[in-house]
Amino acid sequence: MQSQKKVNVLIVDNDDQVLWKFQQLLEDAGFNTTATWSGHEALGLLRSGVFDVLLVDDYLPDLHSHDFLEQVNRLAIQPSIVVMHSATPKSDDLRCYESLGVAQLVDKRNPISVCQAVSFCPAEQPLASNR
């Protein structure tokens, strides 16, 4: 019997309750997770480890999300990116996220859709196909 490799997910959100909730949900679904509230710490973790999926809030207290994603795109190892939002994104934001390689954009108030987005990430569906 062959065992499947667990997907490694890095969760980045400024709210500890959100971090804990998504960490628990994703671990219960069979993912390996690491969590941080800091964009700078997340960049360090991405440089030092191998993450298959980056689940990141659209607001980070220490780094603008677009700047953060630009830095992620310069890394040697590129995870699939899921951006969580809590307000309807503007069309300019959608275009920007698409240009930054975001695979999925999901409403963080819907935990099931967040977990589904992470599950679908290895298929690397581009954001444009989800509109």
Side-chain angles (χ1 to χ4, degrees):
M1 179 193 249
Q2 187 177 6
S3 65
Q4 284 187 322
K5 175 192 173 279
K6 282 193 171 188
V7 174
N8 295 310
V9 181
L10 177 59
I11 308 166
V12 189
D13 194 295
N14 64 313
D15 184 329
D16 286 337
Q17 290 180 331
V18 170
L19 282 175
W20 181 85
K21 175 175 63 177
F22 286 120
Q23 191 166 25
Q24 286 301 119
L25 285 170
L26 291 169
E27 286 180 2
D28 290 347
F31 296 94
N32 289 326
T33 64
T34 302
T36 182
W37 65 269
S38 163
H40 290 292
E41 184 177 350
L43 288 168
L45 289 165
L46 287 165
R47 286 183 189 104
S48 66
V50 177
F51 292 94
D52 305 300
V53 178
L54 170 62
L55 177 62
V56 61
D57 190 25
D58 65 349
Y59 171 78
L60 300 175
D62 62 338
L63 196 57
H64 190 280
S65 61
H66 295 157
D67 295 333
F68 172 76
L69 293 172
E70 285 176 353
Q71 291 184 49
V72 169
N73 283 326
R74 290 192 285 260
L75 297 174
I77 297 173
Q78 295 293 304
S80 294
I81 303 168
V82 175
V83 172
M84 299 181 288
H85 63 86
S86 53
T88 303
K90 299 173 190 157
S91 60
D92 287 347
D93 288 331
L94 289 173
R95 282 190 293 278
C96 184
Y97 286 133
E98 184 178 0
S99 73
L100 292 168
V102 172
Q104 299 281 330
L105 184 64
V106 294
D107 187 334
K108 72 190 265 182
R109 297 167 295 190
N110 185 342
I112 292 172
S113 67
V114 172
C115 291
Q116 288 174 338
V118 171
S119 295
F120 293 134
C121 263
E124 296 197 24
Q125 298 173 344
L127 181 61
S129 68
N130 295 326
R131 287 193 215 155

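Throughout, numbering of the chain's residues begins at 1 and tracks the sequence. Just the heavy atoms: all of them, side chains too, but no hydrogens, waters or symmetry mates, feed the values below.
Membership of the apolar cluster around Val50 extends to Ile77, as traced through chained side-chain contacts below 4.5 Å between ILVMFWY residues. Other cluster members for Tyr59: none, since no ILVMFWY side-chain heavy atom sits under 4.5 Å from it.
Considering only residues two or more places apart in sequence or on other chains, Gln71 meets the side chain to side chain contact (heavy atoms under 4.5 Å, CB included) condition with Leu43, Arg47, Leu63, Arg74. Every residue two or more places apart in sequence or in another chain that forms a side chain to side chain contact (heavy atoms under 4.5 Å, CB included) with His64 is listed here: His66, Asp67. Annotation: side chain to side chain contact (heavy atoms under 4.5 Å, CB included) contacts of Asn8 (sequence neighbours excluded): Lys5, Asn32, Phe51, Asp52.
Of all non-hydrogen atoms in Met84 and Asp57, the two that sit nearest each other are O-OD1, 3.2 Å. The heavy-atom pair separating Trp37 from Leu19 by the smallest distance is N-CD1, 3.9 Å. Residues Ala35 and Gln23 share a closest heavy-atom pair of CB-OE1, 3.9 Å. Of all the heavy atoms in Gln104 and Cys121, the pair that sits closest is CG-SG, 4.3 Å.
Atom CG in Asp107 sits 12.5 Å away from atom CD1 in Ile112 (nearest 0.5 Å). Annotation: the span from Leu60 atom CG to Glu41 atom CD amounts to 12.0 Å, rounded to 0.5 Å. Here the SG atom belonging to Cys115 is positioned 11.5 Å from the CZ atom belonging to Phe120, to the nearest 0.5 angstrom.
Counting only heavy atoms from C-beta outward, the side chains of Phe31 and Ser119 approach each other to under 4.5 Å. A heavy-atom distance below 4.5 Å is found between the side chains of Leu26 and Leu55. Two residues are said to be in side-chain contact when any heavy atoms from C-beta on lie closer than 4.5 Å; Leu105 and Pro89 meet this criterion. Annotation: side chain of Pro79 is not in contact with side chain of Val53 (no heavy-atom distance under 4.5 Å). At least one side-chain heavy atom of Leu75 sits under 4.5 Å from a side-chain heavy atom of Gln78.
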> Where do Asp93 and Lys90 land on the salt bridge (Lys or Arg N to Asp or Glu O under 4.0 Å) test, with the steps shown first?
Replying inline: CA-CA 5 Å; Asp93 288 331; Lys90 299 173 190 157; 5.3 Å; no

>> As a quick check of understanding, evaluate side-chain contact (heavy atoms from CB on, under 4.5 Å) for Val56 and Val82, giving each step before the final call.
In response: CA-CA 6 Å; Val56 61; Val82 175; over 6 Å; no

> What's the verdict on side chain to side chain donor-acceptor pair (under 3.5 Å) for Ser65 and Asp58, showing C-alpha distance, side-chain angles and the deciding distance?
Replying inline: CA-CA 6 Å; Ser65 61; Asp58 65 349; over 6 Å; no

Result block: side-chain N/O donor-acceptor pairs under 3.5 angstrom for residues 9-16, not counting sequence neighbours:
residue: Asp13; atom: OD1; partner: Asp15; partner atom: N; Å: 2.8
residue: Asp13; atom: OD2; partner: Lys108; partner atom: NZ; Å: 2.7
residue: Asp15; atom: OD1; partner: Gln17; partner atom: N; Å: 2.8
residue: Asp15; atom: OD1; partner: Val18; partner atom: N; Å: 3.4

